[in-house]
Amino acid sequence: MDYPSDSALLARLLAGEEKAFRELVATYQGAMRAVAFAIVGSRNADEVVQDAWLAVVRNLDGFQGRSSLKTWLLTITANTAKTRLKHNRREVLLDDLPGPHGTIGDERFAADGHWLLAPHAWHQDSPDALLTAAELRECLEKTLGSLSELQGSVLQLREREGLELDEICNLLQVSLSNVRVLLHRARLKVFATLEHFEETGQC
Amino acid sequence: MLSCKELVAHSSDLLDGRLSLRQRLAVRAHLAMCLRCRRFIKQMRLSQAVLRQLPQAPIAELDALAAKLAELRRQQR
Ligand SMILES: [Zn+2]
């Protein structure tokens, strides 16, 4: 197998070990949910994830280890979601729903492209220090909740789950240029929230 | 010469390592001279790290789901 870190877990899964399944779900369900969310939307995402898990167990013997376990799980999830969708594929929302704290837009720049309102230094410069404020955590959740389902999923898959952009395109069947646009705009909204919080101390 | 606005527009491609060689050189030259954009990029990276570390909601019914899946698997064998 090309992915040695998966093979130990796989052996335990094949043996039907409950703890191994617990590990599998805890590690990958977040990413699976993001994939389902992007394709079928929030209303049906949980059901798709449940169905995907059943398909995973059904097909476990067929897993060849040619991809990582993660890629395999996410592919099954995407396929399950697409089957659910059948013909009524939702329109790809290239958004842009406004974020609660805006973005880094044209108004921040002078006509010649120089900063008009440049970012200030932040009080904290480590993620741990920033995240000690419970209010900031809630505030970020609010911003993430304001993203379209597709955009939120793209952001999560890239930033939290560490997927490559190409992988995201393949799973969600969105073009690379669209993924880049969605991701960039999402990052700027998150940036605007952090900046707002650093400057005002509130959400 | 790249403007600050253009640098911001390229920032995600910079973070993702997707700039062409020519763009990379232009971005590097701009950052060498522009404190404000250096700060912006640093804060973008910090935002990424914050997202990565933002605690995730616990999975509902994790134990029950794991038990069910393990049971299904054992039935199959
Ligand atoms: Zn600049």
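Sequence lines set the chain letters: A, B, ... in the order given, protein chains first and strands last, and positions in each chain run from 1.
For a residue to count as touching a neighbouring chain, one of its non-hydrogen atoms must lie under 4.5 Å from one of that chain's; by this rule A:Thr193 does not touch chain B. Only the side chain of A:Leu144 has a heavy atom closer than 4.5 Å to any heavy atom of chain B. The parts of A:Leu14 that come within reach of chain B are both its backbone and its side chain, each placing non-hydrogen atoms under 4.5 angstrom from that chain. Residue A:Arg22 touches chain B through both its backbone and its side chain, counting heavy-atom pairs closer than 4.5 Å. Only the backbone of A:Gln124 has a heavy atom closer than 4.5 Å to any heavy atom of chain B. For chain B, no part of A:Ala20 is nearby; none of its heavy atoms comes within less than 4.5 Å.
Within residues 49-60 of chain A, the residues having any heavy atom less than 4.5 Å from a heavy atom of chain B are, in residue-number order, A:Gln50, A:Trp53, A:Leu54, A:Val57, A:Arg58, A:Leu60. Using a 4.5 Å cut-off between non-hydrogen atoms, the part of residues 105-114 of chain A that approaches chain B consists of A:Asp106, A:Phe109, A:Asp112, A:Gly113, A:His114.
Side-chain atoms of B:Arg52 and A:Glu161, non-hydrogen and from C-beta on, never get closer than 4.5 Å to each other. The closest side-chain heavy-atom distance from A:Arg187 to B:Leu51 is not below 4.5 Å. With contacts defined as side-chain heavy-atom distances shorter than 4.5 Å, the pair B:Leu65/A:Gln29 qualifies. No side-chain heavy atom of B:Gln43 sits less than 4.5 Å from a side-chain heavy atom of A:Asp125. Looking at heavy atoms from C-beta onward, A:Leu13 lies out of side-chain contact with B:Leu69 at the 4.5 angstrom threshold.
Note that the NZ atom of A:Lys19 and the CG atom of B:Asp63 stand 12.0 Å from one another [nearest 0.5 Å]. Between B:Leu46 atom CG and A:Phe191 atom CZ the span is 9.5 Å, to the nearest 0.5 Å. Remark: A:Leu188 CG to B:Ser11 OG distance equals 5.5 Å, nearest 0.5 Å.
Put simply, of B:Arg74, B:Glu6, B:Gln53, the one with the most heavy-atom pairs under 4.5 Å next to chain A is B:Gln53. Ranking A:Glu17, A:Arg158, A:Glu141, A:Glu195 against chain B, the residue ahead of the rest is A:Arg158, based on heavy-atom pairs under 4.5 Å. Chain A forms more heavy-atom pairs under 4.5 Å with one residue of B:Leu7, B:Val8, B:Asp16, B:Leu72 than with any other, namely B:Asp16.
Using a 4.0 Å cut-off between charged nitrogen and carboxylate oxygen, B:Arg73 and A:Asp61 count as a salt-bridge pair.
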For this session: Decide side chain to side chain contact (heavy atoms under 4.5 Å, CB included) for B:Ser47 and A:Trp122; before the verdict, give the C-alpha distance in whole Å, the side-chain angles of both, and the deciding distance to 0.1 Å.
Result: CA-CA 11 Å; B:Ser47 308; A:Trp122 292 352; 3.9 Å; yes
